[in-house]
Amino acid sequence: MAKPIKRNPHLVVLSREHHHGLLFCWKIRQGIRYQIAPERIIKYVRYFWKLHFEPHFEEEETLIFRPYPLGQLTTRALDEHENMRQQIIGRIADNAGYDTLTAIADLADRHIRYEERILFPALEEQLTQAQLEEIGHALDEAPACGADTFDDEFWLKVYKA
């Protein structure tokens, strides 16, 4: 079993948000596994974008990536954010199928794991303690990403309509 990543306390908020993002991926995959109508999953993807990914990306971009660029590392993260924006708000149609939903879950999963395993450790190594504290204070002041209270729990095996 992989050892848990010890995250700098000033970046923990973002890691917790990443955990919710991984749950988003799991829920999509569960919905597909249970052959839930794609329209129901699409509603969840749009809901989660507005509730979680959109504000989370804004936090990362304005508080970390632009003020503290780490070359290709942050460029990749920004490119992946843009790709997810395009996939979720630009291209997901009401009639999207499982292939599109799987691609979105895979894209989000890869991106979150990249940030957690590569980008955040580089930030922790290259930024000063004062810079990390500044990020932590700004995150504390930022509005929190909302709790996932989507009422259609399609990802559960037994769903009560």
Side-chain angles (χ1 to χ4, degrees), residues 1-65 73-74 76-121 123-124 135-136 138-140 142-161:
M1 180 179 245
K3 193 175 184 178
I5 298 171
K6 181 148 173 72
R7 183 66 58 228
N8 181 286
H10 301 293
L11 298 177
V12 166
V13 168
L14 295 174
S15 287
R16 283 191 192 120
E17 291 173 2
H18 284 162
H19 174 74
H20 293 289
L22 292 173
L23 285 174
F24 162 84
C25 301
W26 177 83
K27 289 173 182 180
I28 290 172
R29 291 175 178 135
Q30 286 295 101
I32 293 168
R33 179 175 171 221
Y34 296 139
Q35 298 180 342
I36 299 301
E39 307 82 54
R40 288 172 61 191
I41 303 171
I42 290 165
K43 285 180 186 174
Y44 177 68
V45 169
R46 289 179 175 148
Y47 160 87
F48 198 83
W49 169 259
K50 290 303 272 178
L51 172 84
H52 183 82
F53 281 138
E54 189 173 44
H56 175 81
F57 287 2
E58 184 67 23
E59 284 176 333
E60 288 182 333
E61 291 170 10
T62 60
L63 301 178
I64 301 174
F65 301 162
L73 295 176
T74 47
R76 175 178 168 179
L78 288 165
D79 290 347
E80 289 179 1
H81 280 191
E82 187 55 33
N83 190 13
M84 286 181 63
R85 276 186 189 95
Q86 290 175 7
Q87 293 298 317
I88 294 174
I89 62 174
R91 293 199 182 123
I92 192 166
D94 290 336
N95 63 350
Y98 291 150
D99 288 346
T100 300
L101 292 166
T102 297
I104 288 169
D106 291 348
L107 180 64
D109 188 285
R110 278 190 311 272
H111 172 69
I112 291 166
R113 293 184 191 283
Y114 165 73
E115 286 189 354
E116 285 294 320
R117 294 176 179 165
I118 297 169
L119 181 58
F120 281 16
L123 287 166
E124 291 169 330
I135 291 167
L139 286 169
D140 289 343
C145 293
D148 187 349
T149 58
F150 194 69
D151 59 357
D152 179 0
E153 295 178 322
F154 61 83
W155 53 86
L156 300 178
K157 188 168 186 156
V158 179
Y159 174 75
K160 297 177 184 173

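All values below come from the heavy atoms of this structure, side chains included, with hydrogens, waters and symmetry mates left out.
Remark: Lys43 does not engage Asp151 in a salt bridge, criterion side-chain N to carboxylate O under 4.0 Å. Checked for salt-bridge contact, Asp94 and Arg46 meet the test: a charged N lies under 4.0 Å from a carboxylate O. The pair Glu124-Arg7 meets the salt-bridge criterion, since a charged nitrogen lies less than 4.0 angstrom from a carboxylate oxygen.
Put simply, the side chain of Leu119 does not reach to within 4.5 Å of the side chain of Arg76, judged on heavy atoms. Within the 4.5 Å cutoff, side-chain heavy atoms of Arg29 are placed close to those of Asp106.
Glu61 meets the side-chain contact (heavy atoms from CB on, under 4.5 Å) test with Phe57, Phe65, Arg66, Leu78, His81, Arg85; sequence neighbours excluded. Applying the ring pair (Phe, Tyr, Trp, His ring centres under 6.0 Å) rule to His18 yields the partners His56, Phe120; only residues at least two apart in sequence or on another chain are considered.
Checking each of Phe24, Tyr44, Trp49 against Phe150 for a ring-ring contact (aromatic ring centres under 6.0 Å, His included) leaves exactly one that passes, namely Tyr44.
At distances below 3.5 Å, not a single donor-acceptor pair connects side-chain atoms of Tyr47 with backbone N or O atoms of Ile42. No donor-acceptor pair closer than 3.5 Å links the side chain of Thr100 to the backbone N or O of Ala96.
When all heavy atoms of Phe48 and His20 are compared, the pair lying nearest together is CZ-O, 3.5 Å.
More than 12 heavy-atom neighbours from other residues, nucleotides or ligands sit within 6.0 angstrom of CG on Asp140.
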